[in-house]
Amino acid sequence: MEYPIQVENVTFTYLEGEEPAIRSIDLKVKKGEILMITGPSGAGKTTVCRLLNGLIPQYFRGKLEGKVLINGIDTKKTTIGHLSQTVSLLFQDPASQLVCPTVMDEVAFGPENLGVDPVEIRQRVDENVKVVRLGGYEERNPHSLSGGEQQACALAAIMAMKPEVYVLDEPTSNLDPIGSHQVLNLLVELTRREKKTMIIVEHKMEELLPLVDRLIVMDKGRIILEGEVRKLLENVELMENLGLKPPQVTLLASKLKKHVPLEKFPLTLEEGIELFQKVLGDRMRVKEARIKPEPPPSVEKKTDKEIIRVKDLWYVYPGGVTALRGINLTIYEGEFLSVIGQNGSGKTTLVKHFNGLLKPTKGKVTVYDVDTSRASISELSKKVGYSFQNPDHMLCSETVRKELAFGPINLGFSKEEIEGRVANAAEKLGLKDVLDEKPFSLSKGERQRVAIASLLTMGPKVLIVDEPTTGQDYRMSKEIMDMCKALNKEGNTIVVITHDMNLAAEYSERVVVLKDGEILCEGTPKEVFSQVEVLEKTYLKPPQVTRLSQRLAEYGVPSTVLTVDEMHHNMVKLMEEE
C-alpha cells in the first residue's frame, strides 16, 4: 500500500476537554517516508500519535470525527493489540510503557507476544540493548534506571518488535547529545534499509531536520505548514514566532543575510562550515584569531557563603549499583550552576542528596550547615525546592490551582498570601488559562511548568530543576530558563540538570560535568565547552555554534563562541574590517 497511514479530516476532543485537541487534520504518509512533526507545546502533536495506534479512540475516550486508516484498516473497528503489529508507539513519557521486571524482559516482551522464535528473540534483545547503550543493564529493573536510560529501554523494546511503522513521540528528549545523534541516525538507517515508515515528533530540529523527508508544523491543533524542510526553514522568523528553534547555523545564516547575499541556508554543521568559509573568504585566513576573545573568567562567586557542601560522597543503590564515587563539590549562595553528563552519570542521584530524598552511603552533604543525613525532607524543603525529571511524580491535586496552592497551604501561609503566590507563579509560567484544568489533562510540557510553578509558590532559596526543558518548545524552554535567571538575580541559587548544551552555555555561570559517578571537569561555560575531547568521553558535545567557531578559528573567529548572537557579531566585525 502506497500510504500505510491516512488521516482524513480528523477532529478529536478528549472526554474531559472543552475544546478539540486537534482540528480538521488531513495527513497521508508514504511507505518508507520519514516525517517529522513539530510545533509548540500543546499544539496537538501527541494526540496525532495516539490516533495512529488506536489509543484514540480505544483507550483515550472522547469525540472523534473523521477517519484514521492504518494499511486500510479503520482504527475505530480494530483493537490496539492488532494495530501494534503494524504500528509501534514510543510514548513521550517512557516510564509509562515499561511493565517488566528487567530490561531483558522488557525488550523481549513484544516479540514474545508476537510469537517470534526464542532464538530470534534473544538475538533481537542482544542487538537492540547494545544499540541503545544498555549493555550490562539486562538484569536491571527499568524503573531503577535514569530517565534517559528508561527512554533508551522503551526504544529498544519497540525496535525489537520490528514494526512496519514507527511513531516516536519525543524519542530523544531525555537522551544525552551524542546518544540522541546515534539513536536518530540508527533509526533513519533502519527505516531506509528496511523500507519502514517513521513519524517523529520532536523539538530538536538541529539533529533531525537533515535526516527527514518532510516536515509538518502544528499549532493550536491544526497543521499550519507542510513541505520540504529547506523551503520551510527559509521562513526563520515564522519558526521563531511559533517558539521553534531551527539549527544554529540556519539562524546565523538568517542574521547574516542582511549583510551578505546567501543562496541557501545551511541545515548541518558541515554545510555551515562550507558556507561561512566562502563568506569570510580565503583572503581572511590567519594564524591567530583576529578578534581576540576575552580570556575566560574564572568562576566568580557572588558571595563566599557556602550553602551546599558535598564531601567524598558515595551512593550505592539497593542491589549494589554504585551511582556516585567520591564527589566533592561546593555550591555558593546566588550561583547559577548546570550539571551535565551522559545518561546514568549520576546527575539526578547527586542533586537528590540536596533535599534529603537520598542519604549518603558514605561521605557527607550539608545544606545551610544542616547535615542532610539527619534532617527530614520536609525540613529541607523549606530551603531547597526540587522539580523532578518526570513532572507526573509531583502532581497530586484535582486542579492546577490546587496544585500550586498545595505547598503554601502545608507551610501555613495565609489565604491572601497563597492566592498571591499562585497568581504570580501562574503568570510567570504561562498557566493562567489552565488554573482550573486537571493537571493530567495537560500536555507533558504544560505539566512540567505546573511542577515548577508548584515549587515557586513555596519560595525556596535553592531551586533544583531536573531537565526543565524536556517536552518543551524552544520558546517555553527559554521562558523557563529566563524565569530561573530572574529568580537567580533576586538572590536564589539555581541548579539545573540539562542535556540542552545550548541553554547550559547561555545561562550558566558554572558547569559541572559528571561521568560514571565522578566529576570529570568543571568551570565556566567557555572553559568547559572548549574541551571537546573531554566532553566526548561523557557523550556530550558543545553547542553547534561553538563547534562552528572552532572550525572557523583560522579565519579570525574566536574559538570559544557560545551563542548565535555572539557569532553573528564577530563575523560582521570581521567582514567590516575587510
Side-chain angles (χ1 to χ4, degrees), residues 303 305-309 331-337 348 351-359 365-442 446-466 468 479-480 483-497:
T303 72
K305 185 175 181 180
E306 301 177 358
I307 58 172
I308 298 177
R309 300 186 192 95
I331 298 176
Y332 295 87
E333 188 173 56
E335 271 200 289
F336 195 116
L337 176 74
T348 296
V351 299
K352 282 184 175 179
H353 281 81
F354 299 167
N355 73 337
L357 284 173
L358 295 177
K359 307 294 185 182
V365 178
T366 58
V367 176
Y368 288 95
D369 295 322
V370 175
D371 186 340
T372 60
S373 64
R374 300 175 182 176
S376 67
I377 295 174
S378 60
E379 180 183 352
L380 292 169
S381 70
K382 297 174 183 178
K383 300 286 187 181
V384 181
Y386 175 45
S387 175
F388 288 22
Q389 190 172 10
N390 184 344
D392 295 348
H393 294 167
M394 296 178 63
L395 306 178
C396 60
S397 300
E398 295 177 356
T399 67
V400 172
R401 188 186 306 277
K402 290 181 179 179
E403 195 70 57
L404 270 54
F406 183 82
I409 289 173
N410 283 278
L411 291 177
F413 291 112
S414 68
K415 182 179 179 181
E416 293 75 17
E417 177 72 10
I418 292 170
E419 290 176 351
R421 287 175 178 245
V422 168
N424 184 50
E427 175 71 31
K428 285 183 176 180
L429 282 164
L431 297 170
K432 289 197 305 180
D433 295 336
V434 297
L435 280 172
D436 296 314
E437 299 285 338
K438 298 176 181 178
F440 288 100
S441 71
L442 305 178
E446 290 168 326
R447 298 198 304 275
Q448 181 78 63
R449 302 204 300 273
V450 171
I452 294 174
S454 69
L455 294 177
L456 291 185
T457 57
M458 296 168 65
K461 292 182 178 181
V462 180
L463 181 62
I464 300 171
V465 191
D466 196 346
E479 288 181 6
I480 289 175
M483 178 267 301
C484 289
K485 199 66 176 180
L487 290 170
N488 182 240
K489 288 180 179 179
E490 293 173 5
N492 293 82
T493 303
I494 307 294
V495 179
V496 173
I497 294 176

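One-based numbering along the sequence shown. Values in this document were obtained by computation on a predicted structure and should not be read as measured data.
- Between Val384 and Phe354, the shortest heavy-atom contact is CG2-O, 3.7 Å.
- Put simply, the side chain of Lys485 reaches to within 4.5 Å of the side chain of Asn488, judged on heavy atoms.
- Note that CD of Glu446 is 9.0 Å distant from CD of Glu437, once rounded to the nearest 0.5 Å.
- At least one donor-acceptor pair closer than 3.5 Å links the side chain of Lys359 to the backbone N or O of Thr372.
- Nearest approach of Val450 to Glu403, heavy atoms of both residues: CG1-CG, 3.9 Å.
- Gly356 approaches Ile377 most closely through the heavy-atom pair O-CG1, 3.6 Å.
- The shortest non-hydrogen separation linking Tyr386 to Met394 is O-CE, 3.7 Å.
- Residues Cys484 and Phe336 meet the side-chain proximity criterion, which asks for heavy atoms closer than 4.5 Å.
- Side chains of Val495 and Ile331 form a contact here, defined as non-hydrogen atoms less than 4.5 Å apart.
- One N or O on the side chain of Arg447 and one on the backbone of Leu442 form a donor-acceptor pair closer than 3.5 Å.
- The closest side-chain heavy-atom distance from Leu463 to Thr493 is not below 4.5 Å.
- Contact annotation: the side chain of Val462 never approaches that of Glu333 to less than 4.5 Å [non-hydrogen atoms, C-beta and beyond].
- Cation-pi geometry between Arg421 and Phe413 is satisfied (NZ or CZ under 6.0 Å from the ring centre, within 45° of the ring normal).
- For the side chain to side chain donor-acceptor pair (under 3.5 Å) test, residues two or more places apart in sequence or in another chain that qualify with Asp436 are Arg401.
- Between the Thr457 side chain and the Val422 main chain, no donor and acceptor come within less than 3.5 Å of each other.
- Between Lys352 and Asp466, none of the side-chain N atoms (NZ, or NE/NH1/NH2) sits under 4.0 Å from a carboxylate O, so this pair counts as no salt bridge.
- Remark: Ser376 OG to Asn355 CG distance equals 11.0 Å, nearest 0.5 Å.
- Considering only heavy atoms from C-beta on, Val465 stays 4.5 Å or farther from Ile497 through its side chain.
- Here the NE2-CG distance, from His353 to Leu380, works out to 12.0 Å after rounding to the nearest 0.5 Å.
- Annotation for Glu398: atom CD does not count as buried by contact number, only 12 or fewer foreign heavy atoms lying within 6.0 Å.
- Taking 4.5 Å as the limit, some side-chain heavy atom of Met483 sits within range of a side-chain heavy atom of Leu456.
- A donor-acceptor pair under 3.5 Å is formed between the side chain of Asn492 and the backbone N or O of Pro460.
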> Between Thr366 and Ile308, does a side chain to side chain contact (heavy atoms under 4.5 Å, CB included) hold up when you go through it step by step?
Replying inline: CA-CA 6 Å; Thr366 58; Ile308 298 177; over 6 Å; no

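- Counting heavy atoms from C-beta on, the side chains of Ile480 and Leu429 come closer than 4.5 Å.
- In this structure, Leu435 and Ala426 approach most closely via the heavy-atom pair CD2-CB, 3.9 Å.
- One finds the CZ atom of Phe388 at 8.5 Å from the NE2 atom of His393 (value rounded to the nearest 0.5 Å).
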> Stepwise, does the side chain to side chain contact (heavy atoms under 4.5 Å, CB included) test hold for Leu411 with Met458?
Replying inline: CA-CA 8 Å; Leu411 291 177; Met458 296 168 65; 4.0 Å; yes

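- Note that OG of Ser387 is 5.0 Å distant from CD of Gln448, once rounded to the nearest 0.5 Å.
- Shown here for Asp371 and Ser373, the closest heavy-atom pair between the two residues is OD1-OG, 2.7 Å.
- Residues that satisfy the salt bridge (Lys or Arg N to Asp or Glu O under 4.0 Å) test with Lys432, not counting sequence neighbours, are Glu427.
- Judged purely by atom type and a 3.5 angstrom limit, Glu335 uses its side chain to pair as donor or acceptor with the backbone of Tyr332.
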